[in-house]
Amino acid sequence: LPSRRIRGGDGIALTRASSIVFRAPQENFTIEDFEQERILGVGSFSKVVRVKKKDTGDVYALKVMDKDFITKQDKVQHVKRERIVLDQLNHPGIVQLLFTFQDANSLYMALESCEGGELFDQIARKGHFSEDEARFYMAEIIDAMEYLHGLGLIHQDIKPENLLLTADGHIKIADFGCVKLTESSQIMLPPPAANPHETSSLIEGTAAYVPPEALNTSPATIGNDFWALGCTLYQMLAGTSPFKDSSDWLTFERIRTRKVVFPGYFSDEAIDLIDKLLDTDPGRRLGAGPGGYPALKMHPFFKGIAWNKLRDVSAPTPK
Ligand code: ATP
């Protein structure tokens, strides 16, 4: 790791844990050092802007978070957790954090810019994907998830909005604000905050993608991500997520009863894979169950995928 010790900051600096040596440094930059080009996306606690550094011309996706807002929303730990976790990740399928800086009002995280935008927008533009397109994206998502789970990290918010595309159409997983560590995790995080208001909310993630056991407040497992992956595959092929309804309550009802309607054009392999990823028993869910990742990768839907050469394959043409 490039060694660079981080200065402690004022207020809610992202890097107050003075003993942590970060790979992505906290720089002394100001927002004036960057040309702000356009908004790439807006999240619950941030906006993400495409910026160009004036002196180098380098382009970044700058995640801008208002300190007052995240303090009032009791999300300081959420933001710090994302920063600290992202710093420890290094995989072609994960958005890379390059550096951070701050000023009196805002925290800034400079991420590599995923110029292809959200997978969600590609689904919306195309209506739905062909099975070949979905197979390509699924394989790259699974490859990145295997890396995360191998480190003992549960993402907890896998969905097409958080799956970004590079300029050449390959997948990068983003948004690590909801991550949870498994007991055997190799990721280092400072102990949880002593802020009684900032416990994790009852259900982490996004309503339409949470598994049924999460509705019974069972602790999250890697099974959460495989369920969300099943919802994502369905959405790629159908154009809409399988359980989304007009309110969270109705969505949860559909998840509880696991009512999934498969359009007639889905192949038997796709139906079988989704069915197995949406197993209501997280212990049997494909990927999380006893066969683990090998069983998932051997599913007939993935016939022909060269798992060790994923990034050498040309990506589907974007719309
Ligand atoms: P959430 O409400 O999901 O917690 P958040 O505040 O954590 O959101 P992100 O999900 O990280 O924010 O980012 C919001 C949006 O900004 C993304 O959905 C995406 O459209 C865009 N975005 C984020 N990171 C990048 C990136 N590296 N390159 C391009 N666009 C990005």
Side-chain angles (χ1 to χ4, degrees), residues 12 14 24 34 36-53 58-87 89-100 106-125 137 140-141 144 148 153-180 198 200-201 203-210 220 224-225 228 231-232 235 241 244 248 315 318:
I12 52 167
L14 284 172
F34 300 86
Q36 299 188 50
E37 298 189 329
R38 66 188 160 89
I39 295 198
L40 292 167
V42 179
S44 332
F45 319 110
S46 68
K47 68 175 175 188
V48 179
V49 187
R50 186 182 197 271
V51 297
K52 197 180 265 178
K53 186 132 191 301
D58 291 340
V59 168
Y60 304 99
L62 193 64
K63 187 160 173 169
V64 185
M65 293 155 285
D66 182 84
K67 288 182 178 179
D68 275 352
F69 184 72
I70 56 177
T71 307
K72 282 190 189 120
Q73 300 284 318
D74 283 323
K75 290 295 174 186
V76 176
Q77 290 308 315
H78 177 106
V79 168
K80 282 190 176 180
R81 190 168 44 170
E82 176 168 39
R83 190 263 186 267
I84 294 170
V85 168
L86 262 185
D87 196 69
L89 304 181
N90 181 16
H91 186 275
I94 310 280
V95 167
Q96 205 188 336
L97 174 67
L98 298 161
F99 55 86
T100 64
S106 304
L107 301 169
Y108 303 90
M109 293 204 308
L111 303 159
E112 65 176 315
S113 183
C114 297
E115 301 280 306
E118 296 178 10
L119 192 68
F120 179 90
D121 291 326
Q122 281 304 311
I123 299 172
R125 282 190 205 133
Y137 293 124
E140 290 201 338
I141 301 164
L148 291 177
L153 265 187
I154 307 166
H155 184 278
Q156 287 209 99
D157 206 11
I158 296 288
K159 59 177 178 178
E161 290 92 326
N162 288 335
L163 299 167
L164 305 183
L165 298 172
T166 60
D168 56 2
H170 291 271
I171 286 277
K172 300 240 176 206
I173 300 182
D175 194 355
F176 285 76
C178 293
V179 287
K180 185 187 155 184
E198 194 172 348
S200 59
S201 55
I203 301 173
E204 284 277 12
T206 303
Y209 303 88
V210 296
N224 287 47
D225 289 344
C231 296
T232 300
Q235 188 165 349
S241 67
K244 186 153 179 57
D248 282 356

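Given the structure is predicted, the values throughout are model-derived calculations rather than measurements. Just so you know, residue 1 is the first one in the sequence shown, and it goes up from there. In listed order, ligands and their atoms are each counted from 1. Basis for what follows: all heavy atoms, side chains included, without hydrogens, waters or symmetry-related copies.
- Between Phe99 and Tyr60, the angle of the ring planes goes over 60°, which puts this pair in the perpendicular group of the 30/60° scheme.
- Between the Asp175 side chain and the Asn162 main chain, no donor and acceptor come within less than 3.5 Å of each other.
- You'll find the side chain of Glu112 reaches within 4.5 Å of the side chain of Lys172, heavy atoms only.
- Listed by chain and number, residues touching ligand 1 at under 4.0 Å (heavy atoms only) are Leu40, Gly41, Val42, Gly43, Ser44, Phe45, Ser46, Val48, Ala61, Lys63, Val95, Leu111, Glu112, Ser113, Cys114, Glu118, Glu161, Asn162, Leu164, Asp175.
- For the pair Gln235/Lys159, no side-chain contact is recorded, criterion being any heavy-atom separation below 4.5 Å from C-beta on.
- You'll find the side chain of Ile94 reaches within 4.5 Å of the side chain of Phe176, heavy atoms only.
- The two residues Arg81 and Val179 make their nearest non-hydrogen contact at NH1-O, 3.2 Å.
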